[in-house]
Visitor: 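Handing you this structure, nothing more for now.
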Amino acid sequence: MFVGRESELIKLEKMYSTNEFQFAVIYGRRRVGKTTLIREFLKNKESLLYVSLEGTQRENLIGLSRVVSKNNAIVYDSFESLFNAIDKMLETNQKIVLAIDEYPYLAESYRLFLLLFKSILIYAGKIKICF
């Protein structure tokens, strides 16, 4: 059941309805419904949701690879090749929402993640909204 986050959901839907890149950061104390809000927003949308691991760069690359490949057991050899795969997905999809839950774990495991993400996908204008 989804209760109490209607105003946040409306804001996310408004961001999604634009044709421009959007970036949302959802933060707060643990156990207040951030992940539930994200999952509710993602319903009926082309999306990629990855819950980062408190682990190594390789573990997060494997996990995100599985999300991008839709559990087809494809493991990309680098984040660059993974982002290139997302780029190819965007050739056939008008919008894809990329949601990364527990982002600090991913950032800690691979400090260049955001720089590479921005250079390949955001600056190319391919991703419309991400968390």
Side-chain angles (χ1 to χ4, degrees):
M1 179 168 48
F2 184 73
V3 179
R5 291 291 186 103
E6 289 79 12
S7 65
E8 291 94 338
L9 193 57
I10 289 168
K11 288 177 186 176
L12 291 171
E13 292 292 350
K14 185 177 178 182
M15 292 173 73
Y16 182 77
S17 69
T18 72
N19 288 324
E20 299 174 4
F21 169 78
Q22 300 289 316
F23 187 89
V25 176
I26 300 171
Y27 65 94
R29 295 183 327 271
R30 296 187 63 73
R31 313 289 305 157
V32 296
K34 299 178 299 293
T35 300
T36 302
L37 171 64
I38 292 167
R39 289 182 190 277
E40 184 68 23
F41 171 72
L42 294 178
K43 284 183 180 175
N44 303 315
K45 293 178 180 66
E46 183 68 30
S47 63
L48 303 169
L49 171 60
Y50 176 61
V51 180
S52 302
L53 302 173
E54 190 173 8
T56 66
Q57 174 183 334
R58 180 77 180 148
E59 290 169 324
N60 278 299
L61 177 61
I62 290 169
L64 191 51
S65 291
R66 288 188 177 134
V67 169
V68 170
S69 69
K70 309 278 185 186
N71 291 319
N72 288 334
I74 296 171
V75 176
Y76 298 96
D77 61 350
S78 67
F79 280 100
E80 184 174 6
S81 61
L82 182 138
F83 289 140
N84 287 329
I86 294 172
D87 188 41
K88 288 203 183 308
M89 290 172 67
L90 290 165
E91 291 174 3
T92 58
N93 292 295
Q94 195 156 8
K95 287 185 183 182
I96 294 179
V97 180
L98 174 61
I100 301 174
D101 200 359
E102 302 290 355
Y103 175 77
Y105 294 149
L106 179 57
E108 181 67 28
S109 74
Y110 184 53
R111 296 194 185 276
L112 296 176
F113 178 86
L114 188 56
L115 178 65
L116 186 61
F117 175 74
K118 288 190 318 190
S119 68
I120 293 178
L121 295 174
I122 293 176
Y123 292 144
K126 299 286 182 109
I127 297 286
K128 300 303 180 195
I129 185 172
C130 61
F131 299 101

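It should be emphasised that the depicted structure is a prediction, and the values quoted were computed from it without experimental measurement.
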Visitor: Counting neighbours of NZ on Lys45 that are heavy atoms of other residues, nucleotides or ligands and sit closer than 6.0 Å, is the number greater than 12?
Guide: yes
Visitor: Do we see a donor-acceptor contact under 3.5 Å between the side chains of Asn60 and Tyr50?
Guide: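 Per modelled atom types, Asn60 and Tyr50 side chains form a pair under 3.5 Å.
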Visitor: Under the side chain to side chain contact (heavy atoms under 4.5 Å, CB included) criterion, do Tyr103 and Leu114 qualify, and how do the steps go?
Guide: CA-CA 10 Å; Tyr103 175 77; Leu114 188 56; 3.5 Å; yes
Visitor: Taking the basic N atoms (NZ, or NE/NH1/NH2) and the acidic carboxylate oxygens, is any pair closer than 4.0 Å for Glu102 and Arg30?
Guide: yes
Visitor: Linking I/L/V/M/F/W/Y whenever any side-chain heavy atoms sit under 4.5 Å apart, do Val68 and Val51 land together?
Guide: no
Visitor: Is the count of non-hydrogen atoms from other residues, nucleotides or ligands lying under 6.0 Å from Glu13 atom CD greater than 12?
Guide: yes
Visitor: Which residues satisfy the ring pair (Phe, Tyr, Trp, His ring centres under 6.0 Å) test with Tyr110, sequence neighbours excluded?
Guide: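 Once residues adjacent in sequence are excluded, the partners of Tyr110 under the ring pair (Phe, Tyr, Trp, His ring centres under 6.0 Å) criterion are Phe79.
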Visitor: Is there a side chain to side chain contact (heavy atoms under 4.5 Å, CB included) between Glu8 and Ile26 once you walk through the steps?
Guide: CA-CA 10 Å; Glu8 291 94 338; Ile26 300 171; over 6 Å; no
Visitor: Linking directly or through intermediates, with side-chain heavy atoms under 4.5 Å: list the remaining ILVMFWY members grouped with Ile62, chain and number order.
Guide: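 Joined to Ile62, directly or through intermediates: Val75.
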Visitor: Given the rule in the side chain to side chain contact (heavy atoms under 4.5 Å, CB included) test, do Gln22 and Val97 qualify, once you have shown the distances and angles that lead to the verdict?
Guide: CA-CA 10 Å; Gln22 300 289 316; Val97 180; over 6 Å; no
Visitor: Considering residues at least two apart in sequence or located in another chain, which fulfil the side chain to side chain donor-acceptor pair (under 3.5 Å) criterion with Gln57?
Guide: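 For Gln57, no residue satisfies side chain to side chain donor-acceptor pair (under 3.5 Å) once neighbours in sequence are set aside.
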Visitor: Evaluate the side chain to side chain contact (heavy atoms under 4.5 Å, CB included) criterion for residues Leu53 and Tyr105: first the C-alpha distance (whole Å), next the side-chain angles of each, then the deciding distance (0.1 Å), finally the verdict.
Guide: CA-CA 6 Å; Leu53 302 173; Tyr105 294 149; 5.9 Å; no
